[in-house]
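First up is the structure itself, then whatever we jot down about it.
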2 protein chains.
Amino acid sequence: MSTAILVVEDEPGIQEVLKFNLAQHGYEVGVASDGESALSLLRGAMPDLVLLDWMLPGMSGIEVARRIRNDARLKAIPIIMLTARAEERDKVQGLDLGADDYITKPFSPHELLARIKAVLRRRAPELTDDPVEAAGLRLDPVSHRAFASGKALDLGPTEFRLLHFFMTHPERVYSRAQLLDQCWGDHVFVEERTIDVHIRRLRGALETSGHDRLIQTVRGAGYRLSTTLN
Amino acid sequence: MSTAILVVEDEPGIQEVLKFNLAQHGYEVGVASDGESALSLLRGAMPDLVLLDWMLPGMSGIEVARRIRNDARLKAIPIIMLTARAEERDKVQGLDLGADDYITKPFSPHELLARIKAVLRRRAPELTDDPVEAAGLRLDPVSHRAFASGKALDLGPTEFRLLHFFMTHPERVYSRAQLLDQCWGDHVFVEERTIDVHIRRLRGALETSGHDRLIQTVRGAGYRLSTTLN
DNA sequence: ACGATTATGTGAATACTTCATGACACCGGC
DNA sequence: GCCGGTGTCATGAAGTATTCACATAATCGT
C-alpha cells in the first residue's frame, strides 16, 4: 500500500524536483499545475496528502485549500503549503485556513520529507512505514511482519492490515463501517459481519501469546485495541 | 561490473587529481569541463554517479544538476556537489534539491572516496562492489560469484542481480513492480509474473544448501529475503 | 426476573486470488 | 543449428475472503 501525494505547483523545475524526491522515497506522485486541474484530479482519485503551492496561476493555493476543506469527501486530506518567503508565512491568516503545515522555500529534501512524515503520522499513522509497538506486540510494515512477545505471527493480508490499523489507532473504538473504509477501501461492497470473521482470525493468531485480549469488542459500537483489559 | 563516475570540473589541476584518485580505486572515470559537454556526455553513456563542481564556466553546477533531475533517463543518477567553501555549502543546500551530498574544497581523497561509497550505498547499495554476506550466503560482485555455505552457486545473470539486490536490502518486502524496477530497469516491459519464475530459479539454485528458505513469499505483497524463518 | 430482541462468536462451505511449477517458445551468440 | 539464458503461458495447488447458518451472549422492556 503505497502512499499517494498530489503536488500542486506551477513552476516546472520545482515540480520536477518534488516529483523526483518523493518518488525516490516510495511515494506515488500526481502533479497538477493549477488549482482547477488539482481539484478535478482530486475528485477522481483521492491522494493521502496534498503539497500545495501558495502562489498559483488563477486560483490561489489558499483558495484551493479552502475548497478542499469545504468538500465533504476531501476535507480530511492533509495539506502542506509551500510558501515562497518566510514573510508570507505570517501573512497567512494561520493554520485555520486548513493547511496542516507550511514549508518555506527554499527547503531541503530532508525537511520536506520529515514534514510529510510528521503530518502523515498525525493524520494517518497507518500510512507511515514506521514500526509500531504496543503491549508486547510489534509490527513492522517494511518487512511486513508482526510479532507477539518476540514470536512471529502468522497473519493473512487482511488480518495484517487490521492489526496495523488498530496498533496505529489504539484505545479507540471503530465501527465495522469505519474499519471497512480504513482496511478495505471506501468503495468496497462487503458485508459488515465479515469483519467479525477477520477479528476472530486475528484473535486466533494472537491467542497463543495471550494478546487476543487486546482486541476488544464494544457492543453496539465496534472493536477496539486497548492495553487496558476489561 | 565496474562503477563509472563522471567528473564535471573546469580546473585542470583538480580534474587530474580526481581522475587519478578515482581510477586508482577502480572506478571508470569520465571527464567534462563544463555543463554543456557534461550533459551531452551523459546522454551517451550513463554513469553511476556524477561529481559536479558548483562553479563552472557557463552553466552553473546547480543548473546542470537541475537538468539532470529533469531528464527522465538521468534523474536517478546520484550527484555529489563540489563546493569551494563551507559557507557556500549552506547556500547550495537550501537552494538545490538535487544533490545527494556535498563536499567542500579542499578535501582529502579519503573523504571523497568515503562519500562516494556512502552515496552509492544509500542510493543503490547493489551498485557497490563490496562483498555482501547474510546467513551463510556470500556474494562478491567483483568476481561475480555467489556462495552458499562456501559452495559456489550456479546462477544466471538475472538470478545474480536478484540475489544481489535482496542481499543488499534484507528484511524488507518488495513488490514485483519494485523488483522489476530495481533488477531489470524502469523502462523494461516485462510481465510481473515473470518474477515468480526467476524466484523459483533462484530458490532452485539455493536449494541444495537449504538457503532457499531465505527467499520468502509474502502473499499479496511480494518477496523478501530474511534470516528469520517463518 | 423473564422472555424477547438484538448483537456478536464460531465453524464450515464456497468462491476467489495469488502463487508455484513445468513446459515451451524466443533470441542472440557461437 | 545448438545452447544458455530469458520471458510467457497454462495448470494445478495453496492460501484467503466472504458469506451463511446457527450458537451464544448481552440488553431491554415489562
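All of these numbers come straight from a predicted model, not from anything done at the bench. Residue numbers begin at 1 in each chain, while the letters A, B, ... track the order of the sequences.
- The side chain of B:Trp184 contributes no N or O atom lying less than 4.0 Å from OP1 or OP2 of D:dT6.
- Residue A:Phe160 is classed as having no contact, given no heavy-atom separation below 4.0 Å to the nucleic acid.
- A straight line from CZ of B:Arg200 to P of D:dA10 spans 16 Å, rounded to a whole angstrom.
- As judged by a 4.0 angstrom heavy-atom cut-off over every strand, A:Val188 is placed among residues making no nucleic acid contact.
- Applying the 4.0 Å criterion to OP1 and OP2 of D:dG7, one finds that B:His198 has a side-chain N or O inside that range.
- Within the nucleic acid shown, A:Thr194 comes within 4.0 Å of at least one base atom, counting heavy atoms only.
- Atom CD1 of B:Ile195 and atom C1' of D:dT6 are 13 Å apart (whole Å).
- Looking at which nucleotide of DNA chain D each of A:Val190 and B:Leu155 is closest to, the 5′-most match is held by B:Leu155.
- OP1 or OP2 of C:dA20 lies within a sub-4.0 Å distance of a side-chain N or O belonging to B:Tyr223.
- A donor and an acceptor atom never sit less than 3.5 Å apart when one is taken from the side chain of A:Arg219 and the other from the base of C:dT8.
- Remark: the B:Arg203 side chain and the C:dT21 base include no donor-acceptor N/O pair separated by less than 3.5 Å.
- Donor-acceptor pairing under 3.5 Å is lacking for the side chains of A:Arg172 and A:Gln178.
- Rounded to an integer number of Å, the gap from B:Glu191 CD to D:dT6 C1' is 14 Å.
- The shortest distance between the side-chain N/O atoms of A:Thr217 and the OP1/OP2 oxygens of C:dG9 is below 4.0 Å.
- A distance-only check finds no donor-acceptor pair linking the side chain of B:Arg145 to the backbone of B:Ala152 [under 3.5 Å].
- Of the two residues near DNA chain C, B:Arg201 and A:Ile199, the one whose nearest nucleotide lies more 5' is A:Ile199.
- Applying the side chain to side chain contact (heavy atoms under 4.5 Å, CB included) test between A:Leu155 and each of A:Leu163, A:Leu139, A:Leu162 identifies A:Leu163 as the sole match.
- Nearest heavy atoms, A:Met167 versus A:Ala134: CE-N, 3.8 Å.
- An OP1 or OP2 oxygen of C:dT21 is reached within less than 4.0 angstrom by no side-chain nitrogen or oxygen of B:Arg193.
- To the nearest angstrom, P of C:dG11 lies 14 Å from CG of A:Asp196.
- Each of D:dT8, C:dA12, D:dA17 was ranked by its minimum atom distance to the side chain of A:Thr158; first place goes to D:dA17.
- Ionic pairing of A:Lys117 and A:Asp129 is not present here: no N-O contact between side-chain nitrogen and carboxylate oxygen is shorter than 4.0 angstrom.
- Heavy atoms of A:Glu192 sit nowhere under 4.0 angstrom from any nucleic acid atom.
- With rounding to whole Å, B:Glu207 atom CD is found 12 Å from C:dT21 atom C1'.
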